[in-house]
Amino acid sequence: MSPRPRTSPVLPTVSPERHAALRGPLLNWYDHGKRDLPWRRTRDPYAIWLSEVMLQQTQVSTVIPYWERFLARFPTVGALASAPLDDVLSGWKGLGYYSRARNLHRAAQEVVSRFQGRLPATAAELLTLPGFGRYTAGAVASIAFGEEAPLVDGNVARVLSRLFEVEGLPGDRAREATLWALAGALVKGERPGDFNQALMEHGATVCRPESPLCLLCPVRAGCLAYAKGRVDELPPAKVRAAPKKLELALAVWPREGKLLFARRAEEGLFGGLWELPTTEVAEDTTDAVALGQLASALGTPDLKLVGALGNVRRQLTHRALTLRLLRVAGPVLPRQAKSFQELRWCTPQEAEALGMSTAMQRALESVIAQDVLAAATPTAPAQTRKRRPRASP
DNA sequence: CAAACGTGGCA
DNA sequence: TTGCCAAGTTT
């Protein structure tokens, strides 16, 4: 048998004329029309790196306040490397994709141990650090260090797909290879970092996914998709799977003005974050079954159900979450349960400093609004007055 | 290579 | 309310 027929990727070339016709106008447009973003005011590689990580799958307007706060809290690679992971996750609270924060932290420690605290200056070396993929390595190498390193993000993929009429769905191997080859050819020249940013900025503001502003486009004359009236069909939208349902039971265990919190496993959803102790349950299962699963997870077989406190729903990209709040109590306090990395009793105020998902934040707000803590008086369950002033613990 | 991994904004 | 999208990486 002959070997399996493989697509032999015919990588595109960019003529010197095309190279010049695209590069000049894009850089010129960028110089005059770029947004004033805070990370464009610094040359600190660490600050630029941080911006690139935060911007992964996240909008500019969301990132700006996080970037400023995080940088003030962890001003250098060294400061980040020596900070406890808990503090780092707390600084990332609400930004999402929390593995980014864990990888950032690990990478900072590697920069200290392997590179004397200085971020390496080439994409090839950056690629060896946790959280650096092909995109981020190219971005930091080109923007912070001036290497002629290409990058392809969603913006660049769209811009190049239209300019060069690149076919194929997102994720298609041949398509990716083509896009990286084009980006690699175009980045050669003056100011590679600015050129890469120009490509992304153009995609974000002019060559947008919907209603692109072709009449304002500086490289319209060289755009194949524009010439052929195919701008709206390139690139094709990616096919998304329907969100799966995920139902979670939460233990709301008030005691002496505090609630029981747990730290989740490092891996998986909300990895390493704090939560009201949570366990996955079958869809629409009974409170009694859910309670049993929580008791098992906490290692407290005699856990009692005091009452249900309602549900919190939360829509993620790939998950439809239902958080079922179950108020519980028990005579035996949990030790280190193996389902959780750590258990801790906290006041709501203390909990604000913990790394926590927005989903859990919402659940906590619901619990607090229901005055569970004020009503919880283990020694006098009949207590009904609310907001009773409490002595400090 | 498909699936997992969050969140907020906007049509 | 629902669907789609945004400066991706990891397994």
Side-chain angles (χ1 to χ4, degrees), chain A residues 30 34-35 37-40 48-67 89 92-104 106-107 126-144 150-159 169-176 179-180 183 193 195-205 207-212 235-244 246 264-273 275 313-321 355-362:
Chain A
Y30 178 72
K34 69 180 173 192
R35 291 169 290 180
L37 305 178
W39 43 87
R40 290 184 175 156
I48 292 167
W49 167 30
L50 179 65
S51 76
E52 289 302 336
V53 174
M54 287 188 165
L55 284 162
Q56 289 168 13
Q57 300 290 285
T58 310
Q59 310 237 343
V60 164
S61 56
T62 304
V63 167
I64 290 174
Y66 277 93
W67 183 83
L89 289 172
W92 209 266
K93 178 182 201 166
L95 238 200
Y97 285 141
Y98 298 93
S99 65
R100 292 183 295 175
R102 296 196 302 274
N103 285 333
L104 184 73
R106 280 202 295 144
L126 291 167
L127 214 39
T128 68
L129 292 165
F132 277 89
R134 210 174 170 187
Y135 165 81
T136 307
V140 173
S142 64
I143 298 170
L151 59 75
V152 176
D153 73 332
N155 288 313
V156 175
R158 179 172 58 257
V159 170
L169 289 164
D172 178 88
R173 261 187 107 74
R175 173 185 189 261
E176 305 305 324
L179 293 173
W180 278 95
F195 176 74
N196 280 338
Q197 291 190 82
L199 225 37
M200 293 190 282
E201 184 88 350
H202 181 247
T205 61
C207 197
R208 309 182 300 200
E210 303 291 328
S211 350
K238 62 183 80 160
V239 189
R240 287 174 193 262
K244 295 174 181 172
L246 182 59
R264 294 176 63 85
E266 286 306 319
E267 305 278 308
L269 189 67
F270 305 138
L273 300 186
E275 63 178 9
R313 292 183 181 281
R314 180 99 191 140
Q315 189 64 46
L316 313 182
T317 301
H318 296 287
R319 302 279 178 199
L321 299 185
M356 209 178 292
S357 68
T358 301
M360 195 55 54
Q361 203 69 48
R362 298 277 185 273

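Just so we're on the same page: letters track the sequence lines, and every chain starts at 1. It should be emphasised that the depicted structure is a prediction, and the values quoted were computed from it without experimental measurement.
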Judged by each residue's nearest nucleotide on DNA chain C, which is more toward the 5′ side, A:T136 or A:K238? A:K238
Holding to ring pair (Phe, Tyr, Trp, His ring centres under 6.0 Å), I want the full list of residues that pass it with A:F132, two or more places apart in sequence or in another chain. A:W49
A:V156 and A:Y135, any side-chain heavy atoms less than 4.5 Å apart: no
Sugar-phosphate, base or nothing in reach of A:K93, heavy atoms under 4.0 Å: nothing
Taking only residues two or more places apart in sequence or in another chain, which ones pass side-chain hydrogen bond (donor to acceptor under 3.5 Å, both in side chains) with A:T128? A:R114
Nearest-angstrom distance from the residue atom CG of A:N103 to C1' of C:dG8: 11 Å
Base, sugar-phosphate, or nothing for A:R264, non-hydrogen atoms under 4.0 angstrom? nothing
Under 4.0 Å, counting only non-hydrogen atoms across every strand here, what does A:W39 touch: a base, just sugar-phosphate, or nothing? base
Heavy-atom contacts, protein to nucleotides 5-11 of chain B, under 4.0 Å, summarised as B (base), S (sugar-phosphate only) or - (none) per nt, yield BBBB---
Contacts of type side-chain hydrogen bond (donor to acceptor under 3.5 Å, both in side chains), residue A:S99, not counting sequence neighbours: none
Would you classify A:L199 as touching base, sugar-phosphate or nothing, given that sugar-phosphate means primed atoms plus P, OP1 and OP2, and contacts are heavy atoms under 4.0 Å? nothing
Ring pair (Phe, Tyr, Trp, His ring centres under 6.0 Å) partners of A:W180, counting only residues at least two apart: none
Using the P atom on both, measure C:dT9 against B:dG8 and round to a whole Å. 22 Å
When we call it a touch if two heavy atoms are under 4.0 Å apart, what does A:A237 touch: a base, just sugar-phosphate, or nothing? sugar-phosphate
With sequence neighbours left out, what residues match A:R106 under side-chain hydrogen bond (donor to acceptor under 3.5 Å, both in side chains)? A:N103
Return the value, rounded to whole Å, for the distance between atom CG of A:L126 and atom C1' of C:dG8. 15 Å
Length of the line joining A:L151:CG and C:dT9:C1', which is rounded to integer Å: 15 Å
Under 4.0 angstrom, heavy atoms only, what part of the nucleic acid is A:R158 near: base, sugar-phosphate, or nothing? sugar-phosphate
